[in-house]
Amino acid sequence: MKNPYLLLTPGPLSTSASVKQTMLRDWCTWDDDYNLGVVQPIRQQLVDMALASSSITSNDGETAYSTVLMQGSGTFAVESAIGSAIPRDGKLLVLINGAYGKRIAEIAEYLKIAVVSLEVAEHEWIAADVLAETLAKDADITHVAMVHCETTSGILNPLERYAAIVKAAGKVLLVDAMSSFGGIDIKVADLGIDFLISSANKCIQGVPGMGFVIAKRSELLLCEGRARSLSLDLFSQWKTMEDNQGKWRFTSPTHVVRAFQQALAELNLEGGIEARAKRYVANHQTLIRGMKAQGFQCVVDADKQSPFISTFVYPDSELFDFKKLYDCLKEEGFVIYPGKVTATPCFRIGHIGEVYPEDMQRLLVALAKHRFWEQEDALENVSA
Ligand SMILES: *Cc1c(COP(=O)(O)O)cnc(C)c1O
């Protein structure tokens, strides 16, 4: 079956036919075919991916890090890490420059975890010295959470810089790398990241339904008894998977997990993270060049922009109507994303998933056909 349109909306995002194909059979969650054949290899591969570019040897790394798979959308995995990592007497600092950073703070508030935040505008970075000062001033802070790529705007936060400061201050670091892991190199072990959270249906190009947490074993062991939720207890989920060779505590999203295994295989086939990153950069550059040529402005400066999703300011015309643009492009075979940046009316175009520079070219052609918001200018010019 052919998709009626390409999703430029991560996530979910467009997946390959071969990923979807793997969902046509059923799996028994008690059987070795599933646990040893699907779940355990996935857990291993995620650890390998996280450590591939770190200088730590893979043997050390494999004993140092482990993966926990978690049912639900990405937020469930974030909530499970936040709710399980921070002890009753702990305090969380959240770095915020968009909706996903805000969501982490909101999760902490829901769970009655002591939380403070540093917040800047969605197109800006929190200054490194402000982070260092905050950690120096408030000795009660035990954990720091940050978002790598803020999908709100597409801004890529300076993870290396922040990680060095957080680790130098001796704090536990949690990174929401939902929309970046698998699409850009992250030196998880070298940076000392304690918990990295991502999901199946972003850069790894699986289908939605599960997330995962790659964490230091030493930190996972500390999570015992800390969870504020039974189903989102990261420690129990990990312990069950470890002790029972890949068994999930509660019904596992078997089809999603099998599709994820295929998505990981396709990532390797493409040439790994490096090759995928190159494709995303090519998608992004093709899009940005074309959009600028058509007079669109980016919300995020080029030096802070990720290759995953881009945000464009609405054209300066009273005739511009996002819903109308959305419908025109959908008709042409592309679904785009409404904006999420609060201060600027904008829309977003994602360039991850089973999407190639040729698709970006086709989108630009489609967009050029539908510049309905320019009619007013044209009329003015005629009457002038
Ligand atoms: C997609 C995403 C999430 C998770 O969102 P869900 O809708 O729960 O899958 C979290 N953080 C970031 C940065 C994301 O891009």
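- The shortest distance between side-chain heavy atoms of Gln294 and Leu364 falls below 4.5 Å.
- By the 4.5 Å heavy-atom criterion applied to side chains, Leu367 and Glu332 are not counted as neighbours.
- Counting only N and O atoms by type, the side chains of Thr15 and Lys20 include a donor and acceptor under 3.5 Å apart.
- With respect to the salt-bridge test (charged N to carboxylate O, under 4.0 angstrom), the residues Glu242 and Arg43 qualify.
- With rounding to the nearest 0.5 angstrom, the NE2 atom of His351 is 6.0 Å from the CD1 atom of Ile288.
- A 4.5 Å side-chain heavy-atom check between Lys91 and Val115 finds every atom pair outside the cut-off.
- A search for side chain to side chain donor-acceptor pair (under 3.5 Å) contacts involving Gln261 returns Arg258, not counting sequence neighbours.
- Each of Tyr326, Phe296, Tyr314 was compared with Phe320 under the ring-ring contact (aromatic ring centres under 6.0 Å, His included) criterion, and only Tyr314 meets it.
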Let me check something: any side-chain donor-acceptor pairs from residues 298-306 under 3.5 Å, sequence neighbours excluded? List them with distances.
residue	atom	partner	partner atom	Å
Gln305	NE2	Ile309	O	2.7
Ser306	OG	Gly154	O	2.8
Ser306	OG	Phe308	N	3.3

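- Side-chain atoms of Asn244 and Asn35 form no donor-acceptor pair, as typed in the model, at a separation below 3.5 Å.
- At least one donor-acceptor pair closer than 3.5 Å links the side chain of Arg228 to the backbone N or O of Gly83.
- When all heavy atoms are compared, the tightest approach of Gly74 to Ser199 is CA-CB, 4.0 Å.
- Of the inter-residue distances, the one linking Asp48 atom CG with Ile214 atom CD1 reads 10.0 Å to the nearest 0.5 angstrom.
- Under a 3.5 Å cut-off, the side chain of His255 and the backbone N or O of Arg25 do form a donor-acceptor pair.
- At a cut-off of 3.5 Å, with distance as the only test, no side-chain donor of Ser179 or Tyr100 sits close to an acceptor on the other residue.
- Each of Leu6, Leu363, Val335 was checked for a side-chain contact (heavy atoms from CB on, under 4.5 Å) with Leu329, and the lone residue meeting it is Leu363.
- Contact check on Lys278 versus Glu270 returns no salt bridge, with no Lys/Arg side-chain nitrogen under 4.0 Å from an Asp/Glu carboxylate oxygen.
- By the 4.0 Å N-to-carboxylate-O rule, Asp233 lies too far from Arg249 to be salt-bridged with it.
- Not one N or O on the side chain of Thr152 forms a donor-acceptor pair closer than 3.5 Å with the backbone of Val341.
- Under a 3.5 Å cut-off, the side chain of Tyr162 and the backbone N or O of Leu95 do not form any donor-acceptor pair.
- When only modelled atom types and interatomic distance are considered, Thr240 and Trp248 share no side-chain donor-acceptor pair under 3.5 Å.
- Hydrophobic cluster membership differs between Ile96 and Leu118, with clusters built from Ile, Leu, Val, Met, Phe, Trp and Tyr side chains linked at under 4.5 angstrom.
- The closest side-chain donor-acceptor pair between His370 and Glu331, if any, does not fall under 3.5 angstrom.
- With hydrogens and angles left out, the side-chain atoms of Asn201 and Gln205 include no donor and acceptor closer than 3.5 Å.
- If you take CD on Gln40 and CG on Asp32, they are separated by 10.5 Å, rounding to the nearest 0.5 Å.
- Looking only at distances, no side-chain donor or acceptor of Glu219 sits under 3.5 Å from a matching main-chain atom of Phe195.
- Under the side-chain contact (heavy atoms from CB on, under 4.5 Å) rule, Leu93 has a single partner from Asp140, Asp138, Leu131, which is Leu131.
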For residues 170-177, please give each side-chain donor-acceptor pair under 3.5 Å, one per line with the distance, not counting sequence neighbours.
residue	atom	partner	partner atom	Å
Lys171	NZ	Ile141	O	2.8
Asp176	OD1	Met178	N	2.9

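- Both tests do not hold together for Arg226 against Phe235: distance to the six-membered ring centre under 6.0 Å, angle to the ring axis within 45°.
- Lys102 has a carboxylate O that lies under 4.0 Å from a charged side-chain N of Glu119, or vice versa, which qualifies the two as a salt bridge.
- Arg276 CZ to Asn268 CG: the interatomic distance, rounded to the nearest 0.5 Å, is 9.0 Å.
- Between Arg217 and Thr63, the side chains place no donor N or O within less than 3.5 Å of an acceptor N or O (distance only, hydrogens not considered).
- Using a 4.0 Å cut-off between charged side-chain N and carboxylate O, Arg362 and Asp359 make a salt bridge.
- Judged purely by distance below 3.5 Å, without hydrogens or angles, the side chains of Thr286 and Gln361 never pair a donor atom with an acceptor atom.
- Residues Gln237 and Gln71 bring a donor and an acceptor atom of their side chains to less than 3.5 Å of each other.
- For Ser16 and Ser18, the side-chain atoms include at least one donor-acceptor pair closer than 3.5 Å.
- Between Phe181 and Phe212, the angle of the ring planes goes over 60°, which puts this pair in the perpendicular group of the 30/60° scheme.
- Linking Ile, Leu, Val, Met, Phe, Trp and Tyr residues whenever their side-chain heavy atoms come within less than 4.5 Å places Ile184 and Ile193 in a single cluster.
- Between the side chain of Thr142 and the main chain of Gly90, no donor-acceptor pair closer than 3.5 Å is present.
- Glu354 and Tyr356 form a side-chain donor-acceptor contact under 3.5 Å, judged by distance and modelled atom types alone.
- Counting all heavy atoms, side chain and backbone alike, Leu220 lies closest to Ala215 at CG-CB, 3.7 Å.
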